[in-house]
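Okay, structure first, notes after.
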Amino acid sequence: MPQNGVIINEKAYVLGQGLSQKSMEMRRAEETAARIISGSGVIIALLLFMAGVGLLVWEYGFETLFVSMFWTKPSFGMALVCASVLVGCFLFEHQIEVARKIEHMPKKMRTSKPLELADVSGIQKPIDITRFFDPGSIKSLESAFHIATKFGHGAVEPLHIFIGCLEEDVVSILFARLGVSFEKLQDPLGRRLSTRQLGTLSGCSAESNDVLMQAFLGAYFQDRDEVGALELFAQAYVHDPFIQELLSDQNIDENQFANMVEWLRINEKMREQYARFQKAAAFKPTGPMNRAMTSVATPMLDAFSEDLTTAAVYGRLPMLIGRDQEIEEAFRVIEGGRESVVLVGPEGVGKGSVLAGIAQLMVEERVPDLLKDKRLVRLSIPHLISGVSAEAAQERMLLALDEVAKSLNIILAISDIEQMTGVSTGGSATADLAALLVDFLSRGSTFAIATTTPQAYTSNVERSVLGRIFQKVLVNEPEEKEAIHVLESKIGGIEYEQKVIFTYGAVEKAVMLSDRYMHEMYLPKKAIVIAKEVAQDVFKRKGEQGIVTAEDVAKIVSVKTGVPVTNVQEDEKQKLLHLEEEMHGRVIGQDEAVKAVAAALRRARADLRSSKRPIASFLFLGSTGVGKTELAKTLAATYFGSEQSMVRVDMSEYQDVRSMDRLIGAPGSNSGGIFSEAVRERPFSIVLLDELEKAAPDILNVFLQILDDGRVTDAAGRVIDFTNTIIIATSNAGTQYIQDAVQKGEAMEDIKTHLVEEELRGIYRPEFLNRFDGIVVFKPLAQEQIVEITKLMIKQVAKRLEAKGIGFDVTDAAVQELTQKGYDPKFGARPLRRVVQEEVDNAIANALLEGKVKRRDTIILDAGGQMRIQEGQAL
Amino acid sequence: MKTASGGFVATFLLRDFVQRVLTLPVWWYTIGLATVLKGIKNNMKQTARGFGLDVWVKNLFVPMYGETQFSGKLISFGIRLVMVLGQSIGLFVWSLLLFVFFFIYLLSLPASVLGIFYYGFGLLFF
């Protein structure tokens, strides 16, 4: 009969006879029997021994112990002692046999081939995988059988296993971290159970058998000693779409579930790793002396360095998660040609952790022979050069390197190796410590593991003497998922320090938001920084055992970046829904433009936009004074808080290529441009590019990239993030055509098509126009709209007077008159402002200066510029 | 936690007890002996690692404390030789103890059976 199983190391692992209630009961009985035999055996042996010795002492006393008669004369006491030894022998056999029955999980092999289920009936003595299940998972399976029996179900399904696992501690932790309460699952689970097929319980269903097999494989790939309830639980989730749906209802998707399971595994692994490490650390010497006693004291080096292996022995270095590939590559380079290695990666990706990981492996001696019985010593360049002249620094370095050469047991670690090149200290002289190091290392007495950033590698290492001796090993920024795992491994420490508890949501959010909004730092460091800050904040607000939620993380990220990333609150929801009305309070007409801008903002806040591009980008076309800039200002004021939340760039200042320096910084200056710095400081804002048609074509190319990728690199090499900006470009190009076409009464849609296809062709390249989310044509203002605008302007005047306690009113006739005077189809509402200034503001100013108006009076403006003053009530 | 059913437990108790008693004499000098020998071997290895004997032997001719002059080398060799000898003696003493333990193991089963007969039944006949 074919039997499915997997083959690991030439042994077959199968799911025995299929798990049944009886088989589990028998196993429990067997274990109980074994325990009874052990327990009673020990008691009997002890009793026999004590009785025997007691009898002997009572009969002969201690002094006869050395008399031969004592050993030769038959006595009941001695017979009892012998019997106790015999029982002891029996016990020994029993214990060894019980231990021999325990199968050990196969050790994970270093193979890239995935294990697949196959027919293993031809292989002798297949091993039953349920032998590796720990008491927790056996208990969960028993519960699953119990539930199936209770409900009269025909088979144990993944659903039963899922419910069976719920009582386990590890599952409670998982639910608590995910923020799911069991009560919410109870009803749907009950309903689901009532729909299962009834019958006589025959054992596990095919899916459940697969759950057990996959749980075993899961534990195998994790290199665990047993199969825990967590693996069963995780597999039950994977095998039952209903359970996935159930948790989806609680806002837990597959990735989140998998990352949460990984978190618990990481904790477990770190515990095992720590225990193994402690054992190994007992053998590692912590002083300068190696086990072979060949090294010498290194007083000079000690003054400017830190012994990483000693720090690791005392548990002062963080445990490393992942990065196996990078370490392996470094070891390969070292083993291959005794060459030195430089780990190249941006600040915060974990180069220091890789060094710590190497130190830990050296403590455990799980390293190539070249690194065995050695210590990893980190040379501190700042210590070496501080407070002395360049010559003295070089001398110190030479002495330290001399000690390294003599001691024979030191591997150098050098953080930020670029600090060695062109050091100038204490005066005009420049000391190039790099040359000394290279000379020393090339003699082959030892090697170094250094770190640097990609920029420094290109500018200071690759092209200097250091490049000759150091092999580059890249340490890239981890992916989001890996970064979550790294942060999960750090959460235990943060929770212990700050006395708070993190939910999974908070961990995920810290990684996601920092990745999205903090472009100047790298994962995982930026996520760890955020997590620490949030923990502190939550402890202050919620006290000990405060729960850190995703919303707490979002709040801190919002404060740090100025980007609103928290959930949309009720008042903000109302504001977003009625954004058009609010904007129309300031912008008259131009419905299409207002709608487009409001819709873009709503998309952004509902998180429906692409996170790799700006929130939205618009090109506003139309003649002067129709409200293009006003709309941008209104948006800044209504949504971004104030008109100041706007980075305004007059493109007429960027008419030639040289102005690129002002845009993103001059090459080699190591600083950004005026524009890029402004956006860097205020990443959540409106970028207004006024009079775009005046910019040089090369300048437009920079914006082409910004519109497409949402980022630009400044002269200092920093990535400036535009993904939280709304880019609005205004242009007067094609104004004449718009005015003529509107006058002719052409449809707006036709006007826009003609504009893009014909009028703008010579000014902007088609691919540039294509990058905008929307090209909005602003209509010339009609007479009635100018009336509305006049009223708006008068309202503004009234508001200014209100501050002085003076009322202001305008008659309809006056409004009409002002409109007549200020209306010019060519210039839109712009002349109107001037008219209001001249006719209204000036008259009021005169009245105020002449002292004609007092507090509580009302100024009434009538046609012909007549101004009446209505006296207010006396107090 | 549910308790195992009494019937199964009694069956297993009887089975294990009878099996162990019957197989004990043969088991003692086969599987048991092999297990003890393996244990002794592992213990010896651990002890040797603890003493660091292998490191000392490997570096017998390597000068200590970076002393590379002739006198330094000579003294180093001397000290290392003494250390290796001392550690070897320590290891030897420990091996002796393990050997005694092994001897006790070999004898304990027959000795205990004989002892019961000799001391117990002797009372009846002498």
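The analysis underlying the following values was restricted to heavy atoms, covering all of them including side chains, and did not include hydrogens, waters or symmetry mates. Just so it is clear: chains get the letters A, B, ... in the order the sequence lines come, proteins before strands, and each one is counted from 1.
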As an exercise: rank B:W27, B:Y105, B:F117 by heavy-atom pairs under 4.5 Å with chain A and give me the winner. B:W27

Around atom CZ of A:F49, are there more than 12 heavy atoms from other residues, nucleotides or ligands closer than 6.0 Å? no

Neighbour count above 12 (heavy atom, 6.0 Å) for B:K41 NZ: no

For B:T35, is it the side chain, the backbone, both, or neither that has a heavy atom closer than 4.5 Å to a heavy atom of chain A? side chain

Describe, in one word, how the ring planes of A:F90 and A:H94 are oriented to each other, choosing from parallel (under 30°), tilted (30 to 60°) and perpendicular (over 60°). parallel

So what's closer than 4.5 Å to chain A heavy atoms on B:T23: side chain, backbone, both or neither? both

Of the non-hydrogen atoms in B:W28 and B:S108, which two are nearest, and what is the gap between them? CZ2-OG, 3.3 Å

Measuring heavy-atom distances to chain A, does B:I79 have an atom under 4.5 Å in its side chain, in its backbone, in both, or in neither? neither

Evaluation steps, salt bridge (Lys or Arg N to Asp or Glu O under 4.0 Å), between A:R131 and A:D128: CA-CA 6 Å; A:R131 285 269 159 209; A:D128 182 4; 5.3 Å; no

By a 4.5 Å heavy-atom criterion (distance strictly below it), what part of A:R100 contacts chain B: side chain, backbone, both, or neither? side chain

